[in-house]
**Q** 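Before we start, here is the structure in question, set down as structure tokens.
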2 protein chains.
Amino acid sequence: MSDRLSTTFSALADPTRRAILARLASGEATVTELAEPFEMSLPAVSKHLKVLQRAGLIARGREAQWRPCRLEAAPLQDAADWIEHYRRFWEESLDRLDAYLKEVQAAKKPGPKKSRR
Amino acid sequence: MSDRLSTTFSALADPTRRAILARLASGEATVTELAEPFEMSLPAVSKHLKVLQRAGLIARGREAQWRPCRLEAAPLQDAADWIEHYRRFWEESLDRLDAYLKEVQAAKKPGPKKSRR
């Protein structure tokens, strides 16, 4: 689990951590600000921040009291590149679904006259 | 951890499981075939396959002995969609790096004549 990509995916495997990243996408925030929407204790939020920081997904300012968190998206690019290799597979299954739905729809419509006599 | 996206990311957070998916991208395979490159016991591989199956990333055939595994890419699409929202962030940082490197390179070149007198 110590490789970079595993660390990234592992950090993303939690709804609170993904929500924190979504919040930071709109700008820097302090731990207190990040904790607000979650009804979570500061230590609980800090724990999530540490996971994100170890994964290189956030960085923290140096000012002792303030220390705002900001998003660092570089590891997400590697994750996106990895997933991208599989695009043709999900696009193929969507194509198959699309073809199937068209088939079902065609079967429901009244057929051409010559087939109805 | 029980939401779909967390389950997907969690399943991807392991190099063996990602290697299994990469193998299945080139076609169906049995557990024995999947175990071969890993120097891993069949039960260990089976455990990884169960994680992938629960995450909906693989499906297994119904034939009792054979039961080949195949890739199911639909959950990867949701993961890709989630990550895609952050694309502008990593592209921005690449742009900044690019600008910085150009600056460094420009500073290394001998300046125009008028600045050298």
Side-chain angles (χ1 to χ4, degrees), chain A residues 1-28 44 47-48 51-52 54-59 69-98 100, chain B residues 1-28 44 47-48 51-52 54-59 69-98 100:
Chain A
M1 281 282 275
S2 58
D3 68 295
R4 168 89 184 251
L5 212 43
S6 297
T7 308
T8 304
F9 283 131
S10 183
L12 298 179
D14 181 277
T16 305
R17 289 198 290 270
R18 291 197 305 277
I20 289 173
L21 294 178
R23 164 63 188 83
L24 293 177
S26 62
E28 289 189 359
K47 211 172 150 188
H48 282 307
V51 175
L52 291 169
R54 269 199 300 270
L57 287 162
I58 65 167
C69 302
R70 65 165 191 279
L71 183 68
E72 294 277 313
L76 293 178
Q77 182 174 18
D78 297 330
D81 288 348
W82 187 88
I83 295 181
E84 200 53 38
H85 285 117
Y86 296 85
R87 175 175 292 277
R88 67 184 171 98
F89 293 98
W90 73 73
E91 283 180 347
E92 269 167 23
S93 37
L94 284 179
D95 286 349
R96 277 200 303 273
L97 180 64
D98 196 47
Y100 171 76
Chain B
M1 281 283 276
S2 59
D3 68 295
R4 169 88 182 252
L5 212 43
S6 296
T7 308
T8 305
F9 283 131
S10 183
L12 298 179
D14 181 277
T16 305
R17 289 198 290 271
R18 291 197 305 279
I20 289 172
L21 294 178
R23 165 64 189 80
L24 293 177
S26 63
E28 291 190 354
K47 212 173 150 189
H48 282 306
V51 175
L52 291 169
R54 270 199 299 270
L57 287 162
I58 65 166
C69 302
R70 65 166 190 278
L71 182 68
E72 294 277 313
L76 292 178
Q77 182 173 19
D78 297 331
D81 288 348
W82 185 88
I83 295 180
E84 200 52 38
H85 285 118
Y86 297 84
R87 174 174 293 277
R88 67 183 171 100
F89 293 98
W90 73 72
E91 283 179 348
E92 270 167 24
S93 37
L94 284 179
D95 286 349
R96 277 200 305 273
L97 180 65
D98 197 44
Y100 171 75

**Q** Check whether R88(B) gets within reach of chain A through its side chain, its backbone, both or neither, counting any heavy atom under 4.5 Å.
**A** side chain
**Q** If you look at every heavy atom in A73(B) and W90(A), which pair is closest and at what distance?
**A** CB-N, 3.6 Å
**Q** Please collect all side-chain hydrogen bond (donor to acceptor under 3.5 Å, both in side chains) contacts where either partner lies in residues 72-82 of chain A, sequence neighbours excluded, each pair once.
**A** R70(A)-E72(A)
**Q** Using non-hydrogen atoms and a 4.5 Å limit, figure out which bit of A11(A) sits close to chain B: side chain, backbone, both or neither.
**A** neither
**Q** Let me confirm one number: the CD1-CG distance from I83(B) to L12(A), rounded to the nearest 0.5 Å.
**A** 6.0 Å
**Q** Nearest 0.5 Å please: distance from the CG atom of L76(B) over to the CZ atom of F89(A).
**A** 10.0 Å
**Q** Name the region of L71(B), side chain, backbone, both or neither, that has any atom closer than 4.5 Å to a heavy atom of chain A.
**A** side chain
**Q** According to salt bridge (Lys or Arg N to Asp or Glu O under 4.0 Å), who are the partners of E92(A), at least two apart in sequence or on a separate chain?
**A** none
**Q** Quick check: closest heavy atoms across F9(B) and R18(A), and the distance to 0.1 Å?
**A** CE1-CD, 3.9 Å
**Q** Over all heavy atoms of both residues, which pair between S6(B) and A13(A) is shortest? Give the atoms and the distance, please.
**A** O-CB, 3.5 Å
